[in-house]
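All residue numbers refer to positions in the sequence shown, counting from 1.
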Amino acid sequence: MPAHHGTDPEAGTIVVGVDGSPAARQALRWACAEAELTGGQVLAVSVRDEPAPLPGSEFALRQRGAWRDDGAVRAALHRDVSLVATSASVGELVVTGEPAEELLAAATRADLLVLGTQGQRGLSAVPLGGVTLECVRRAVCPLVLVPAAPAR
């Protein structure tokens, strides 16, 4: 599978948010299929939360979410990307910050932003999470919401 690791979306770029959920993996598969059809490329983006110390004396030096360190997030993103059989060029990007802000920033010059949702029916029935809702409100490029594959 061809891959590039650039961080600057180019023409024909589809940015897809990948958080390890079934819905995000489905969105990644959809984005790769779309890139194959259009001759575009995919930039798979995982957002790592900014670390914050836990309150309390003995835990004050430990970081909340330390299990999601940069290496673990990169490994999880690479695993998800490697499971998609595609001829499209797929780049991987891990950034630190607020998920909606970082996905919107990555998609600023992209042709399409793709996010997974847990909903199975029309948009009115989809329970949109905070990140998805913020992206729906503020995206400057077309946005596709891909439902998670139904359980079999």
(request) Could you tell me whether the side chain of Arg48 reaches within less than 4.5 Å of the side chain of Val95, counting heavy atoms only? (result) no
(request) Kindly indicate, with the supporting measurements, whether the criterion side chain to side chain contact (heavy atoms under 4.5 Å, CB included) is fulfilled by Cys135 and Leu104. (result) CA-CA 7 Å; Cys135 289; Leu104 290 165; 4.0 Å; yes
(message) Set out, in order, the CA-CA distance, both residues' side-chain angles and the distance that settles side chain to side chain contact (heavy atoms under 4.5 Å, CB included) for Leu43 and Val16, then state yes or no.
(response) CA-CA 6 Å; Leu43 179 59; Val16 58; over 6 Å; no
(request) Taking the side chain as every heavy atom from C-beta outward, state whether Leu145 and Thr132 have any atom pair closer than 4.5 Å. (result) yes
(request) Go through the structure and list residues passing salt bridge (Lys or Arg N to Asp or Glu O under 4.0 Å) with Glu102, not counting sequence neighbours. (result) none
(message) Within the 4.5 Å heavy-atom criterion, are Glu92 and Arg74 side-chain neighbours or not?
(response) no
(message) Counting C-beta onward and ignoring hydrogens, is there a side-chain heavy-atom pair between Val90 and Val84 closer than 4.5 Å?
(response) no
(request) For residues Val146 and Leu115, determine if any side-chain heavy atom of one lies less than 4.5 Å from a side-chain heavy atom of the other. (result) no
(message) Could you work out, with side-chain contact (heavy atoms from CB on, under 4.5 Å) as the rule, every residue matching Glu98, not counting sequence neighbours?
(response) Glu101
Identify every side-chain donor-acceptor pair in residues 24-34 under 3.5 Å, counting partners at least two apart or on other chains, and give the distances.
residue : atom : partner : partner atom : Å
Arg25   : NH1  : Gly20   : O            : 2.3
Gln26   : OE1  : Arg29   : NE           : 3.2
Gln26   : OE1  : Arg29   : NH2          : 2.5

(request) Return yes if some donor-acceptor pair links the side-chain N/O of Asp111 with the main-chain N/O of Gly12 below 3.5 Å, else return no. (result) yes
(message) Once side chain to side chain donor-acceptor pair (under 3.5 Å) is applied, do any residues pair with Ser21, and if so which ones, sequence neighbours excluded?
(response) Asp19
